[in-house]
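All remarks here apply to the structure that follows.
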Protein chains: 2
Amino acid sequence: MTSATADSLDEETSTIADRVFGQVRQAIVEGEIPAGSKISEPALAARYGISRGPLREAMRRLESTNLVERRPNLGARVITLSNDELLEIYVIREALEGMAARIAAERMSDAAIADLKALLEQHRREVARADWQTYFQEEGDLDFHFRIVQGSGNRRLIDILCNDLYHLARMYRCQFGMKSDRAADALKEHELVADAIAERDGELAEWLMRRHIRASRRAIERRLAVER
Amino acid sequence: MTSATADSLDEETSTIADRVFGQVRQAIVEGEIPAGSKISEPALAARYGISRGPLREAMRRLESTNLVERRPNLGARVITLSNDELLEIYVIREALEGMAARIAAERMSDAAIADLKALLEQHRREVARADWQTYFQEEGDLDFHFRIVQGSGNRRLIDILCNDLYHLARMYRCQFGMKSDRAADALKEHELVADAIAERDGELAEWLMRRHIRASRRAIERRLAVER
DNA sequence: ACCGGATCAAGTGTCGACAATTATGACATC
DNA sequence: GATGTCATAATTGTCGACACTTGATCCGGT
(Lines give C-alpha, C1' and ligand atoms only; values in the text may rest on other atoms or scores of the structure.)
Protein backbone atom coordinates (compact mmCIF):
# COMPACT_ATOMS: atom_id res chain seq x y z
CA MET A 1 0.00 0.00 0.00
CA THR A 2 2.09 2.80 -1.29
CA SER A 3 -0.50 5.49 -1.66
CA ALA A 4 -3.86 6.45 -0.26
CA THR A 5 -6.15 6.50 -3.23
CA ALA A 6 -9.80 5.60 -3.23
CA ASP A 7 -10.10 4.09 -6.67
CA SER A 8 -7.86 1.34 -7.86
CA LEU A 9 -5.57 2.45 -10.63
CA ASP A 10 -4.29 -1.08 -10.71
CA GLU A 11 -3.32 -1.10 -14.35
CA GLU A 12 -6.10 -3.55 -15.14
CA THR A 13 -9.23 -1.52 -15.53
CA SER A 14 -11.49 -2.61 -18.32
CA THR A 15 -11.42 0.54 -20.40
CA ILE A 16 -8.35 2.20 -21.86
CA ALA A 17 -9.55 5.67 -20.96
CA ASP A 18 -9.70 4.78 -17.27
CA ARG A 19 -6.28 3.18 -17.29
CA VAL A 20 -4.56 6.08 -19.02
CA PHE A 21 -6.42 8.44 -16.70
CA GLY A 22 -4.72 6.83 -13.72
CA GLN A 23 -1.37 6.79 -15.48
CA VAL A 24 -1.33 10.42 -16.50
CA ARG A 25 -2.69 11.45 -13.11
CA GLN A 26 0.23 9.74 -11.45
CA ALA A 27 2.59 11.33 -13.96
CA ILE A 28 1.22 14.76 -13.14
CA VAL A 29 1.16 14.28 -9.38
CA GLU A 30 4.71 13.00 -9.27
CA GLY A 31 5.96 15.80 -11.48
CA GLU A 32 6.86 13.64 -14.45
CA ILE A 33 4.69 15.97 -16.50
CA PRO A 34 5.78 19.35 -15.19
CA ALA A 35 3.23 21.74 -13.74
CA GLY A 36 2.09 24.49 -16.05
CA SER A 37 3.17 22.62 -19.17
CA LYS A 38 0.85 22.51 -22.11
CA ILE A 39 -0.52 19.10 -23.01
CA SER A 40 -0.64 18.10 -26.64
CA GLU A 41 -3.28 15.51 -27.32
CA PRO A 42 -1.50 13.83 -30.26
CA ALA A 43 1.77 13.71 -28.32
CA LEU A 44 0.26 12.12 -25.22
CA ALA A 45 -1.85 9.76 -27.28
CA ALA A 46 1.27 8.56 -29.08
CA ARG A 47 3.16 8.32 -25.81
CA TYR A 48 0.63 5.91 -24.36
CA GLY A 49 0.01 4.17 -27.66
CA ILE A 50 -3.67 5.01 -27.84
CA SER A 51 -5.92 7.15 -29.95
CA ARG A 52 -7.10 10.63 -29.15
CA GLY A 53 -10.59 9.49 -28.21
CA PRO A 54 -9.83 7.75 -24.94
CA LEU A 55 -7.18 10.35 -24.17
CA ARG A 56 -9.71 13.13 -24.44
CA GLU A 57 -11.98 11.33 -22.01
CA ALA A 58 -9.08 10.93 -19.64
CA MET A 59 -8.37 14.64 -19.98
CA ARG A 60 -11.96 15.41 -19.12
CA ARG A 61 -11.64 13.38 -15.97
CA LEU A 62 -8.36 15.09 -15.15
CA GLU A 63 -10.13 18.39 -15.61
CA SER A 64 -12.93 17.31 -13.29
CA THR A 65 -10.36 16.51 -10.60
CA ASN A 66 -8.83 19.95 -11.08
CA LEU A 67 -5.44 18.65 -12.13
CA VAL A 68 -5.57 20.23 -15.58
CA GLU A 69 -7.21 23.36 -16.92
CA ARG A 70 -8.88 23.39 -20.31
CA ARG A 71 -9.89 26.33 -22.41
CA PRO A 72 -11.96 25.80 -25.52
CA ASN A 73 -10.00 25.57 -28.74
CA LEU A 74 -6.88 26.34 -26.82
CA GLY A 75 -5.86 23.08 -25.23
CA ALA A 76 -5.13 21.77 -21.78
CA ARG A 77 -2.42 22.78 -19.33
CA VAL A 78 -1.34 21.16 -16.11
CA ILE A 79 -2.41 23.44 -13.32
CA THR A 80 0.16 25.56 -11.56
CA LEU A 81 -0.90 25.40 -7.97
CA SER A 82 -0.41 28.93 -6.79
CA ASN A 83 0.22 29.63 -3.16
CA ASP A 84 -3.24 31.06 -2.68
CA GLU A 85 -4.88 28.02 -4.21
CA LEU A 86 -2.87 25.72 -1.98
CA LEU A 87 -4.09 27.62 1.05
CA GLU A 88 -7.65 27.48 -0.28
CA ILE A 89 -7.37 23.70 -0.35
CA TYR A 90 -6.38 23.66 3.30
CA VAL A 91 -9.38 25.79 4.18
CA ILE A 92 -11.66 23.25 2.54
CA ARG A 93 -9.84 20.38 4.16
CA GLU A 94 -10.30 22.04 7.54
CA ALA A 95 -14.05 22.21 7.06
CA LEU A 96 -14.50 18.81 5.46
CA GLU A 97 -12.12 16.76 7.55
CA GLY A 98 -13.35 18.41 10.71
CA MET A 99 -16.82 17.18 9.86
CA ALA A 100 -15.41 13.80 8.92
CA ALA A 101 -13.74 13.49 12.31
CA ARG A 102 -16.98 14.39 14.06
CA ILE A 103 -18.94 11.73 12.21
CA ALA A 104 -16.15 9.19 12.50
CA ALA A 105 -16.27 9.61 16.28
CA GLU A 106 -19.92 8.62 16.15
CA ARG A 107 -19.93 5.89 13.54
CA MET A 108 -16.45 4.37 13.28
CA SER A 109 -16.30 0.74 14.32
CA ASP A 110 -14.23 -0.29 17.30
CA ALA A 111 -12.06 -2.41 15.04
CA ALA A 112 -11.35 0.53 12.75
CA ILE A 113 -10.42 2.65 15.74
CA ALA A 114 -8.03 -0.06 16.91
CA ASP A 115 -6.46 -0.10 13.45
CA LEU A 116 -6.14 3.64 13.55
CA LYS A 117 -4.32 3.52 16.86
CA ALA A 118 -2.05 0.79 15.54
CA LEU A 119 -1.21 3.01 12.57
CA LEU A 120 -0.27 5.85 14.88
CA GLU A 121 1.83 3.49 16.97
CA GLN A 122 3.70 2.52 13.84
CA HIS A 123 4.20 6.17 12.97
CA ARG A 124 5.58 6.79 16.41
CA ARG A 125 8.17 4.09 15.93
CA GLU A 126 9.10 5.48 12.54
CA VAL A 127 9.56 8.95 13.94
CA ALA A 128 12.04 7.48 16.40
CA ARG A 129 14.05 5.99 13.57
CA ALA A 130 16.28 7.95 11.25
CA ASP A 131 14.33 7.87 8.03
CA TRP A 132 11.13 9.32 9.36
CA GLN A 133 11.49 12.56 7.46
CA THR A 134 10.89 10.98 4.12
CA TYR A 135 8.21 8.46 4.87
CA PHE A 136 6.05 10.26 7.32
CA GLN A 137 5.59 13.41 5.37
CA GLU A 138 5.28 11.58 2.11
CA GLU A 139 2.50 9.14 2.86
CA GLY A 140 1.98 8.55 6.55
CA ASP A 141 0.23 11.84 7.15
CA LEU A 142 -2.19 11.28 4.29
CA ASP A 143 -2.79 7.70 5.42
CA PHE A 144 -4.04 8.96 8.77
CA HIS A 145 -6.35 11.53 7.24
CA PHE A 146 -7.48 8.95 4.72
CA ARG A 147 -8.67 6.62 7.45
CA ILE A 148 -10.56 9.32 9.29
CA VAL A 149 -12.38 10.28 6.13
CA GLN A 150 -13.18 6.65 5.39
CA GLY A 151 -14.47 6.35 8.93
CA SER A 152 -17.09 8.99 8.27
CA GLY A 153 -18.82 6.63 5.84
CA ASN A 154 -20.04 9.61 3.82
CA ARG A 155 -19.41 8.52 0.26
CA ARG A 156 -19.50 11.97 -1.26
CA LEU A 157 -17.20 13.32 1.40
CA ILE A 158 -14.79 10.48 0.71
CA ASP A 159 -14.96 11.17 -2.99
CA ILE A 160 -14.22 14.87 -2.73
CA LEU A 161 -11.28 14.45 -0.41
CA CYS A 162 -9.67 11.31 -1.76
CA ASN A 163 -10.18 11.86 -5.47
CA ASP A 164 -9.54 15.57 -5.64
CA LEU A 165 -7.89 17.31 -2.74
CA TYR A 166 -5.48 14.62 -1.62
CA HIS A 167 -4.00 14.29 -5.10
CA LEU A 168 -3.44 18.02 -5.18
CA ALA A 169 -1.75 17.92 -1.79
CA ARG A 170 0.44 15.05 -2.96
CA MET A 171 1.28 16.96 -6.11
CA TYR A 172 2.43 19.88 -4.03
CA ARG A 173 4.56 17.67 -1.85
CA CYS A 174 6.23 16.07 -4.84
CA GLN A 175 6.86 19.40 -6.46
CA PHE A 176 8.37 21.25 -3.51
CA GLY A 177 10.32 19.37 -0.93
CA MET A 178 7.82 19.88 1.88
CA LYS A 179 10.58 19.52 4.42
CA SER A 180 8.43 20.73 7.24
CA ASP A 181 9.73 20.33 10.76
CA ARG A 182 6.22 19.75 11.96
CA ALA A 183 6.29 15.95 11.80
CA ALA A 184 6.54 15.43 15.56
CA ASP A 185 3.87 18.03 16.27
CA ALA A 186 1.62 16.58 13.62
CA LEU A 187 1.92 13.11 15.07
CA LYS A 188 1.00 14.44 18.48
CA GLU A 189 -2.04 16.14 17.02
CA HIS A 190 -3.02 12.97 15.22
CA GLU A 191 -2.96 11.10 18.50
CA LEU A 192 -5.19 13.67 20.15
CA VAL A 193 -7.73 13.31 17.35
CA ALA A 194 -7.60 9.54 17.61
CA ASP A 195 -8.15 9.73 21.36
CA ALA A 196 -11.18 11.94 20.91
CA ILE A 197 -12.61 9.51 18.40
CA ALA A 198 -11.94 6.58 20.71
CA GLU A 199 -13.87 8.39 23.40
CA ARG A 200 -16.70 9.00 20.92
CA ASP A 201 -16.44 12.75 21.45
CA GLY A 202 -17.41 14.09 18.05
CA GLU A 203 -17.35 17.73 19.06
CA LEU A 204 -13.83 17.49 20.38
CA ALA A 205 -12.63 15.39 17.44
CA GLU A 206 -13.83 18.02 15.00
CA TRP A 207 -12.26 20.82 16.98
CA LEU A 208 -8.92 19.03 17.21
CA MET A 209 -8.90 18.06 13.55
CA ARG A 210 -9.63 21.60 12.46
CA ARG A 211 -6.94 22.90 14.75
CA HIS A 212 -4.50 20.38 13.30
CA ILE A 213 -5.18 21.30 9.70
CA ARG A 214 -5.10 24.99 10.56
CA ALA A 215 -1.66 24.49 12.10
CA SER A 216 -0.47 22.77 8.93
CA ARG A 217 -1.80 25.63 6.88
CA ARG A 218 -0.03 28.20 9.02
CA ALA A 219 3.21 26.26 8.73
CA ILE A 220 2.89 26.46 4.97
CA GLU A 221 2.12 30.16 5.18
CA ARG A 222 5.26 30.75 7.19
CA ARG A 223 7.33 28.76 4.76
CA LEU A 224 5.94 30.65 1.80
CA ALA A 225 6.65 33.95 3.51
CA VAL A 226 10.28 32.95 4.09
CA GLU A 227 10.86 31.71 0.57
CA ARG A 228 9.63 34.92 -0.92
CA MET B 1 -31.72 35.46 -13.23
CA THR B 2 -33.66 32.27 -13.01
CA SER B 3 -31.10 30.02 -11.48
CA ALA B 4 -27.98 30.22 -9.39
CA THR B 5 -25.30 28.57 -11.46
CA ALA B 6 -21.67 29.47 -11.54
CA ASP B 7 -20.92 28.73 -15.14
CA SER B 8 -22.86 30.25 -17.97
CA LEU B 9 -24.88 27.68 -19.83
CA ASP B 10 -26.05 30.51 -22.01
CA GLU B 11 -26.60 28.44 -25.11
CA GLU B 12 -23.64 30.09 -26.82
CA THR B 13 -20.58 28.30 -25.59
CA SER B 14 -17.95 27.68 -28.18
CA THR B 15 -17.94 23.90 -28.09
CA ILE B 16 -20.88 21.60 -28.69
CA ALA B 17 -19.94 19.30 -25.84
CA ASP B 18 -20.16 22.12 -23.32
CA ARG B 19 -23.50 23.30 -24.66
CA VAL B 20 -25.10 19.87 -24.63
CA PHE B 21 -23.61 19.31 -21.19
CA GLY B 22 -25.59 22.25 -19.86
CA GLN B 23 -28.71 21.17 -21.72
CA VAL B 24 -28.74 17.60 -20.51
CA ARG B 25 -27.83 18.73 -16.99
CA GLN B 26 -30.86 20.98 -16.96
CA ALA B 27 -32.97 18.14 -18.38
CA ILE B 28 -31.82 15.84 -15.60
CA VAL B 29 -32.19 18.39 -12.82
CA GLU B 30 -35.68 19.37 -13.87
CA GLY B 31 -36.76 15.75 -14.21
CA GLU B 32 -37.23 15.79 -17.97
CA ILE B 33 -34.92 12.80 -18.06
CA PRO B 34 -36.26 10.72 -15.17
CA ALA B 35 -33.99 9.69 -12.35
CA GLY B 36 -32.66 6.17 -12.54
CA SER B 37 -33.31 5.87 -16.24
CA LYS B 38 -30.66 4.37 -18.45
CA ILE B 39 -29.10 6.73 -20.95
CA SER B 40 -28.59 5.51 -24.47
CA GLU B 41 -25.79 7.34 -26.21
CA PRO B 42 -27.14 7.01 -29.75
CA ALA B 43 -30.60 8.09 -28.62
CA LEU B 44 -29.39 11.20 -26.80
CA ALA B 45 -26.98 12.05 -29.59
CA ALA B 46 -29.82 11.91 -32.11
CA ARG B 47 -32.08 13.89 -29.80
CA TYR B 48 -29.64 16.79 -29.68
CA GLY B 49 -28.59 16.37 -33.28
CA ILE B 50 -24.94 15.72 -32.53
CA SER B 51 -22.54 12.83 -32.80
CA ARG B 52 -21.58 10.48 -30.02
CA GLY B 53 -18.19 12.06 -29.49
CA PRO B 54 -19.27 15.34 -27.89
CA LEU B 55 -22.07 13.53 -26.11
CA ARG B 56 -19.62 11.16 -24.47
CA GLU B 57 -17.58 14.10 -23.25
CA ALA B 58 -20.72 15.68 -21.87
CA MET B 59 -21.51 12.41 -20.12
CA ARG B 60 -18.06 12.40 -18.57
CA ARG B 61 -18.69 15.85 -17.20
CA LEU B 62 -22.09 14.80 -15.93
CA GLU B 63 -20.39 11.90 -14.23
CA SER B 64 -17.85 14.20 -12.60
CA THR B 65 -20.68 16.31 -11.19
CA ASN B 66 -22.26 13.16 -9.79
CA LEU B 67 -25.47 13.48 -11.78
CA VAL B 68 -24.98 10.22 -13.68
CA GLU B 69 -23.30 6.96 -12.81
CA ARG B 70 -21.25 5.07 -15.36
CA ARG B 71 -20.09 1.51 -15.28
CA PRO B 72 -17.65 0.22 -17.90
CA ASN B 73 -19.23 -1.51 -20.86
CA LEU B 74 -22.56 -1.13 -19.21
CA GLY B 75 -23.66 2.42 -19.90
CA ALA B 76 -24.75 5.41 -17.91
CA ARG B 77 -27.74 5.88 -15.65
CA VAL B 78 -29.15 8.99 -14.07
CA ILE B 79 -28.48 8.77 -10.38
CA THR B 80 -31.32 7.93 -8.04
CA LEU B 81 -30.72 10.19 -5.10
CA SER B 82 -31.47 7.96 -2.16
CA ASN B 83 -32.54 9.47 1.10
CA ASP B 84 -29.21 8.70 2.71
CA GLU B 85 -27.29 10.38 -0.08
CA LEU B 86 -29.48 13.46 0.18
CA LEU B 87 -28.69 13.70 3.87
CA GLU B 88 -25.01 13.19 3.13
CA ILE B 89 -25.13 16.22 0.87
CA TYR B 90 -26.53 18.31 3.69
CA VAL B 91 -23.75 17.18 5.98
CA ILE B 92 -21.20 18.40 3.46
CA ARG B 93 -23.10 21.62 2.91
CA GLU B 94 -23.09 22.23 6.66
CA ALA B 95 -19.32 21.94 6.80
CA LEU B 96 -18.56 23.83 3.61
CA GLU B 97 -21.09 26.62 3.86
CA GLY B 98 -20.30 27.13 7.51
CA MET B 99 -16.71 27.77 6.53
CA ALA B 100 -17.88 29.95 3.64
CA ALA B 101 -19.92 32.08 6.03
CA ARG B 102 -16.93 32.47 8.34
CA ILE B 103 -14.67 33.66 5.54
CA ALA B 104 -17.39 35.81 4.01
CA ALA B 105 -17.72 37.63 7.30
CA GLU B 106 -14.05 38.49 7.06
CA ARG B 107 -13.65 39.25 3.38
CA MET B 108 -17.01 40.21 1.90
CA SER B 109 -17.13 43.76 0.63
CA ASP B 110 -19.50 46.24 2.22
CA ALA B 111 -21.30 46.60 -1.09
CA ALA B 112 -21.85 42.86 -1.34
CA ILE B 113 -23.20 42.80 2.19
CA ALA B 114 -25.59 45.60 1.30
CA ASP B 115 -26.75 43.60 -1.72
CA LEU B 116 -27.24 40.58 0.47
CA LYS B 117 -29.42 42.51 2.87
CA ALA B 118 -31.40 43.90 -0.03
CA LEU B 119 -32.00 40.37 -1.25
CA LEU B 120 -33.29 39.34 2.15
CA GLU B 121 -35.53 42.40 2.24
CA GLN B 122 -36.98 41.30 -1.07
CA HIS B 123 -37.51 37.82 0.25
CA ARG B 124 -39.31 39.22 3.25
CA ARG B 125 -41.73 41.07 1.00
CA GLU B 126 -42.32 37.96 -1.05
CA VAL B 127 -43.05 35.91 2.02
CA ALA B 128 -45.71 38.45 2.90
CA ARG B 129 -47.34 37.96 -0.48
CA ALA B 130 -49.37 34.98 -1.48
CA ASP B 131 -47.05 33.23 -3.92
CA TRP B 132 -44.10 32.93 -1.62
CA GLN B 133 -44.36 29.17 -1.35
CA THR B 134 -43.34 28.56 -4.90
CA TYR B 135 -40.66 31.13 -5.44
CA PHE B 136 -38.87 31.16 -2.16
CA GLN B 137 -38.28 27.47 -1.88
CA GLU B 138 -37.55 27.09 -5.52
CA GLU B 139 -34.80 29.62 -6.00
CA GLY B 140 -34.67 32.23 -3.31
CA ASP B 141 -33.09 29.97 -0.75
CA LEU B 142 -30.34 28.87 -3.10
CA ASP B 143 -29.75 32.46 -4.15
CA PHE B 144 -28.95 33.40 -0.59
CA HIS B 145 -26.57 30.51 -0.09
CA PHE B 146 -25.06 31.21 -3.46
CA ARG B 147 -24.11 34.74 -2.45
CA ILE B 148 -22.55 33.65 0.81
CA VAL B 149 -20.41 31.11 -0.99
CA GLN B 150 -19.40 33.69 -3.56
CA GLY B 151 -18.50 36.02 -0.71
CA SER B 152 -15.93 33.57 0.56
CA GLY B 153 -13.84 34.18 -2.54
CA ASN B 154 -12.53 30.61 -2.34
CA ARG B 155 -12.69 29.44 -5.92
CA ARG B 156 -12.56 25.76 -5.18
CA LEU B 157 -15.20 26.08 -2.51
CA ILE B 158 -17.41 27.92 -4.97
CA ASP B 159 -16.82 25.24 -7.56
CA ILE B 160 -17.72 22.32 -5.32
CA LEU B 161 -20.90 23.90 -4.02
CA CYS B 162 -22.23 25.63 -7.10
CA ASN B 163 -21.30 23.08 -9.74
CA ASP B 164 -22.05 19.91 -7.82
CA LEU B 165 -24.08 20.09 -4.66
CA TYR B 166 -26.52 22.85 -5.59
CA HIS B 167 -27.57 21.05 -8.76
CA LEU B 168 -28.25 17.93 -6.75
CA ALA B 169 -30.31 19.89 -4.25
CA ARG B 170 -32.24 21.49 -7.10
CA MET B 171 -32.78 18.09 -8.66
CA TYR B 172 -34.27 16.85 -5.44
CA ARG B 173 -36.57 19.85 -5.19
CA CYS B 174 -37.82 19.38 -8.72
CA GLN B 175 -38.38 15.69 -8.20
CA PHE B 176 -40.27 15.83 -4.92
CA GLY B 177 -42.47 18.77 -4.15
CA MET B 178 -40.34 20.07 -1.28
CA LYS B 179 -43.36 21.72 0.23
CA SER B 180 -41.61 22.42 3.48
CA ASP B 181 -43.29 24.74 5.93
CA ARG B 182 -39.92 26.06 6.98
CA ALA B 183 -39.85 29.08 4.67
CA ALA B 184 -40.50 31.62 7.40
CA ASP B 185 -38.02 30.01 9.77
CA ALA B 186 -35.41 29.75 7.05
CA LEU B 187 -35.75 33.42 6.20
CA LYS B 188 -35.28 34.30 9.84
CA GLU B 189 -32.16 32.18 10.00
CA HIS B 190 -30.86 33.79 6.82
CA GLU B 191 -31.24 37.19 8.40
CA LEU B 192 -29.32 36.13 11.47
CA VAL B 193 -26.46 34.90 9.30
CA ALA B 194 -26.46 38.13 7.33
CA ASP B 195 -26.38 40.14 10.54
CA ALA B 196 -23.40 38.19 11.80
CA ILE B 197 -21.59 38.79 8.52
CA ALA B 198 -22.43 42.49 8.64
CA GLU B 199 -20.89 42.62 12.10
CA ARG B 200 -17.83 40.81 10.79
CA ASP B 201 -18.28 38.05 13.33
CA GLY B 202 -16.99 35.01 11.44
CA GLU B 203 -17.27 32.63 14.35
CA LEU B 204 -20.94 33.44 14.87
CA ALA B 205 -21.69 33.44 11.15
CA GLU B 206 -20.31 29.93 10.81
CA TRP B 207 -22.21 28.70 13.84
CA LEU B 208 -25.48 30.18 12.60
CA MET B 209 -25.04 28.88 9.08
CA ARG B 210 -24.31 25.38 10.31
CA ARG B 211 -27.30 25.53 12.58
CA HIS B 212 -29.47 26.69 9.69
CA ILE B 213 -28.40 23.87 7.37
CA ARG B 214 -28.71 21.35 10.18
CA ALA B 215 -32.29 22.51 10.74
CA SER B 216 -33.03 22.06 7.04
CA ARG B 217 -31.58 18.58 7.16
CA ARG B 218 -33.69 17.67 10.17
CA ALA B 219 -36.80 18.96 8.43
CA ILE B 220 -36.05 16.64 5.55
CA GLU B 221 -35.43 13.77 7.93
CA ARG B 222 -38.81 14.33 9.51
CA ARG B 223 -40.51 14.50 6.14
CA LEU B 224 -38.85 11.29 5.02
CA ALA B 225 -39.87 9.55 8.22
CA VAL B 226 -43.50 10.57 7.71
CA GLU B 227 -43.65 9.56 4.06
CA ARG B 228 -42.33 6.14 4.82
C1' DA C 1 12.58 50.32 -38.52
C1' DC C 2 7.92 49.46 -37.04
C1' DC C 3 3.23 48.16 -37.63
C1' DG C 4 -0.74 45.87 -39.96
C1' DG C 5 -2.62 42.30 -42.59
C1' DA C 6 -2.52 37.95 -44.93
C1' DT C 7 -0.91 33.25 -45.37
C1' DC C 8 0.30 28.96 -43.29
C1' DA C 9 0.89 25.47 -39.86
C1' DA C 10 -0.39 23.19 -35.66
C1' DG C 11 -3.86 21.55 -32.82
C1' DT C 12 -8.50 21.03 -31.16
C1' DG C 13 -13.43 19.80 -32.11
C1' DT C 14 -16.38 16.79 -34.53
C1' DC C 15 -17.89 13.01 -37.24
C1' DG C 16 -18.73 8.34 -39.10
C1' DA C 17 -17.33 3.54 -38.95
C1' DC C 18 -15.36 -0.71 -36.97
C1' DA C 19 -14.37 -3.89 -33.07
C1' DA C 20 -15.47 -5.81 -28.58
C1' DT C 21 -18.45 -6.69 -24.93
C1' DT C 22 -22.92 -7.38 -22.95
C1' DA C 23 -27.93 -8.16 -22.78
C1' DT C 24 -31.76 -10.72 -24.80
C1' DG C 25 -34.24 -14.25 -26.89
C1' DA C 26 -35.02 -18.86 -28.58
C1' DC C 27 -34.01 -23.56 -28.44
C1' DA C 28 -32.72 -27.88 -26.63
C1' DT C 29 -32.20 -30.76 -22.72
C1' DC C 30 -33.06 -32.50 -18.07
C1' DG D 1 -42.03 -26.88 -16.75
C1' DA D 2 -37.53 -25.13 -15.52
C1' DT D 3 -32.83 -24.46 -16.60
C1' DG D 4 -28.60 -24.14 -19.20
C1' DT D 5 -26.57 -22.93 -23.59
C1' DC D 6 -26.04 -20.75 -27.85
C1' DA D 7 -26.87 -17.29 -31.34
C1' DT D 8 -28.32 -12.82 -32.43
C1' DA D 9 -28.86 -7.92 -31.72
C1' DA D 10 -27.92 -3.74 -29.44
C1' DT D 11 -24.77 -0.77 -27.19
C1' DT D 12 -20.37 0.74 -25.70
C1' DG D 13 -15.36 1.45 -26.56
C1' DT D 14 -12.01 2.72 -29.90
C1' DC D 15 -10.02 4.42 -34.07
C1' DG D 16 -8.79 7.24 -38.14
C1' DA D 17 -10.03 11.25 -40.90
C1' DC D 18 -11.93 15.85 -41.83
C1' DA D 19 -13.36 20.80 -40.59
C1' DC D 20 -12.56 24.71 -37.99
C1' DT D 21 -10.24 27.75 -34.79
C1' DT D 22 -6.02 29.67 -32.92
C1' DG D 23 -1.33 31.32 -33.10
C1' DA D 24 2.74 32.38 -35.58
C1' DT D 25 5.36 33.82 -39.41
C1' DC D 26 6.19 36.43 -43.34
C1' DC D 27 5.47 40.14 -46.44
C1' DG D 28 4.24 44.73 -47.69
C1' DG D 29 3.18 49.44 -46.52
C1' DT D 30 4.04 53.67 -44.02
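Quick note on labels: first sequence line is chain A, next is B, and so on, each numbered from 1. Just so you know, these numbers come straight off a predicted model, no measurement behind them.
Across all strands shown, B:G53 has no heavy atoms under 4.0 Å from either base or sugar-phosphate atoms. Residue-level contact check: B:L55 touches neither bases nor backbone, having no heavy atom under 4.0 Å from any strand.
Atom NZ in B:K38 sits roughly 13 Å away from atom P in D:dA10 (whole-Å rounding). Atom CD1 in A:I39 sits about 13 Å away from atom P in C:dG13, given to the nearest Å. For the pair A:R71 CZ and C:dG11 C1', the computed distance is 15 Å after rounding to whole Å. A straight line from CZ of B:R56 to P of C:dG13 spans 16 Å, rounded to a whole angstrom. Rounded to an integer number of Å, the gap from CG of B:N73 to C1' of D:dA10 is 14 Å. Here C:dG16 presents its P atom at 11 Å from CD1 of B:I16, a figure rounded to the nearest Å. Distance CD (A:E41) to C1' (D:dG16): 15 Å, rounded to an integer number of Å. The nearest whole Å value for the distance from the CZ atom in B:R19 to the P atom in C:dG13 is 15 Å.
In this pair, A:Y166 and A:H145 present their aromatic rings perpendicular. The plane angle is above 60°, beyond the 30 to 60° band.
Look at A:T15 and you'll find a side-chain N or O under 4.0 angstrom from OP1 or OP2 of D:dT14. For A:R70, a side-chain nitrogen or oxygen approaches OP1 or OP2 of C:dG13 to under 4.0 Å.
When each of A:E57 and A:P72 is assigned the nucleotide of DNA chain D with its nearest heavy atom, A:E57 is the one assigned upstream, toward the 5' end.
For C:dG11, the base has no donor-acceptor partner in the side chain of A:R52 [N/O atoms by modelled type, under 3.5 angstrom].
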Derivation of the side-chain contact (heavy atoms from CB on, under 4.5 Å) call for A:I213 and A:E97: CA-CA 9 Å; A:I213 296 177; A:E97 295 196 33; 3.6 Å; yes
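Between the side chain of A:R77 and the main chain of A:G36, a donor-acceptor pair closer than 3.5 Å is present.
Here B:E32 pairs with B:R47 under the side chain to side chain donor-acceptor pair (under 3.5 Å) rule; sequence neighbours left out.
Closest to the A:L74 side chain, of the nucleotides D:dG23, C:dG16, C:dG13, is D:dG23.
If you look at B:H123 and B:H190, their ring centroids are not closer than 6.0 Å.
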